[in-house]
Amino acid sequence: MGIHALPIYALHLADNALVLGHRNSEWTGYGPILEQDIALSNIALDQIGQARYLYQHAARLMNEGAAAQGAGGVTPVTEDSLAYGRDAWDFRNCLLAEQANGDWGKTILRQFFFSAWQFFFYEQLQHSRDSELAAIAEKSHKEVIYHLRWSSEWVIRLGDGTAESHSRMGKAMDDLWKYTGELFSPADYERKLSAPGIAVDLAVIRPLWEERVQEVLMAARLGGQRSDWMQTGGKQGRHTEQLGYLLAEMQFLQRAYPNCEW
Amino acid sequence: MVKNDTIWSLLETVNDPEVPVLSVVDLGLIREVRVNNEELEIILTPTYSGCPAMDLIRMSIRMTLLEHGYENVKLTTVLSPAWTTDWMSERGKEKLKAYGIAPPLPSQQVCRPALFQREEAIECPHCHSYHTMRISEFGSTACKALYRCKDCGEPFDYFKCH
């Protein structure tokens, strides 16, 4: 695998979208009511579509890099080999994305934290000096507006709902809050790319995310005390045990029958 | 010499597999047709990133052009500027309505992240009442929302503005 920062950055973004998209797709057929099952499945579809553009971009960059280094004869990577052929330590997604679904409330809160990040992130990435990343961001941002509004409204409905839904959202806060810090903690490849205007400067979007999240949590009566301690490592390939189970299921068919198509 | 107009009219016969009354031209998916000597280049853009119909649409375009003798066809996908329902043709909107799907409103009202927005007034494609309510802003495909008419009682799809 190339050691250059740009393909790794594209992979990081692709892995975020694929892993959370896959998690959401686990709800398909199991949602609490049909309309919301369809809503989350639609969001999963958007995310997996965005992941495909990002993997295709990463694959192109990696193959060009290999060719430039004279690595002729090496099998080129594809969007599929990147999604199905790497193990957990090669994935660069944030830990938040891989956390298990839990109940509906936890899934909704995970989506809200992530969509709020992606909303401001894609807004900035549209100005990237990498024109392909900018185009993917422009396309994806429009889709994330729906994800953000849908998940925000559900966080409020459940947090400010019944005693049962409120207590479950409190539990989801305890489970997930510690994974939000990583969204704004830049990896080496992000630092290298943000100075030349390719990657998003996470410090720019942090206050925007905090403001939006605070507004929604207050309306959901979830604005209480929180621990400041944050868990990180996903962007460097150090994952929670959750990712292994996800990959075991997602990659099974390609591992058992390599390159199979139907 | 191949005429640009000929290609556009052939593309008007290629329909969306999910909403078969709309052609790829009605949907605004075709951004440009380039004729360079004997090579055709079709520049197209996807609706939603995850739309599973795109692969089939690309194949249908190829097949239709091949049937009319155009073998040397290049399909180029562009993402920017991002597709919007404002590119849907007026004829397409009429066809949608006749098919029982409410066409997208020109307003970009819902394309903002503000919470608990007032619902758009969507006309029921069956009885033309505006006394309708949204059931879910996500429907049977990425491009649609689910509504119900409070007068005739029928549920219907709304091709949501994007």
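First the proteins, then the strands, lettered A, B, ... as listed; each starts at 1. FYI, side chains are in, hydrogens and waters are out, and symmetry mates aren't considered; it's all heavy atoms of this structure.
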Taking every heavy-atom pair that is under 4.5 Å apart, which of B/Leu146, B/Leu79, B/Ile135 has the most such pairs with chain A?
->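 Winner by heavy-atom pair count: B/Leu79.
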Might you confirm whether atom [atom1] of [X] has over 12 heavy atoms from other residues, nucleotides or ligands at distances under 6.0 Å?
{"X": "A/Tyr84", "atom1": "OH", "value": "no"}
{"X": "B/Tyr130", "atom1": "OH", "value": "no"}
{"X": "B/Asn36", "atom1": "CG", "value": "yes"}
{"X": "A/Glu211", "atom1": "CD", "value": "no"}
{"X": "B/Met133", "atom1": "CE", "value": "yes"}
{"X": "B/Arg148", "atom1": "CZ", "value": "no"}
{"X": "A/Arg129", "atom1": "CZ", "value": "no"}

Identify the heavy atoms of B/Ala142 and A/Asn42 that sit nearest to each other, and give their distance.
-> CA-OD1, 3.2 Å
How far apart are the closest heavy atoms of B/His162 and A/Tyr146, and which atoms are they?
->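 Looking at all heavy atoms of both residues, the closest pair is ND1-CE1, 3.5 Å.
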Hey, which of A/Gln50, A/Lys139, A/Glu143 is the one that makes side chain to side chain donor-acceptor pair (under 3.5 Å) with B/Ser49?
-> A/Glu143
With the side chain counted from C-beta on, respond yes when A/Tyr53 and B/Pro46 share a heavy-atom pair under 4.5 Å apart, and no when they do not.
-> yes
4.5 Å side-chain heavy-atom contact, B/Phe138 and A/Glu35 |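 They are not in side-chain contact.
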Chain B heavy atoms under 4.5 Å from [X]: which part of the residue, side chain, backbone, both or neither?
{"X": "A/Leu40", "result": "neither"}
{"X": "A/Glu132", "result": "side chain"}
{"X": "A/Val216", "result": "side chain"}

Relative to chain B, which of [options] shows the most heavy atom pairs under 4.5 Å?
{"options": "A/Arg212, A/Gln36, A/Glu215", "value": "A/Arg212"}
{"options": "A/Val144, A/Ile48, A/Ile156", "value": "A/Ile156"}
{"options": "A/Ala51, A/Gly49, A/Ala134", "value": "A/Gly49"}

Does A/Lys142 make a cation-pi contact with B/Tyr48, if we ask for NZ or CZ under 6.0 Å from the ring centre and within 45° of the axis?
->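 No, A/Lys142 does not lie over the aromatic ring of B/Tyr48.
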For [X], which atoms come within 4.5 Å of any heavy atom of chain A: side chain, backbone, both, or neither?
{"X": "B/Ala145", "value": "neither"}
{"X": "B/Pro52", "value": "side chain"}
{"X": "B/Thr141", "value": "backbone"}

Counting only N and O atoms by type, is there a donor-acceptor contact under 3.5 Å from the side chain of A/Glu138 to the main-chain atoms of B/Ala82?
-> yes
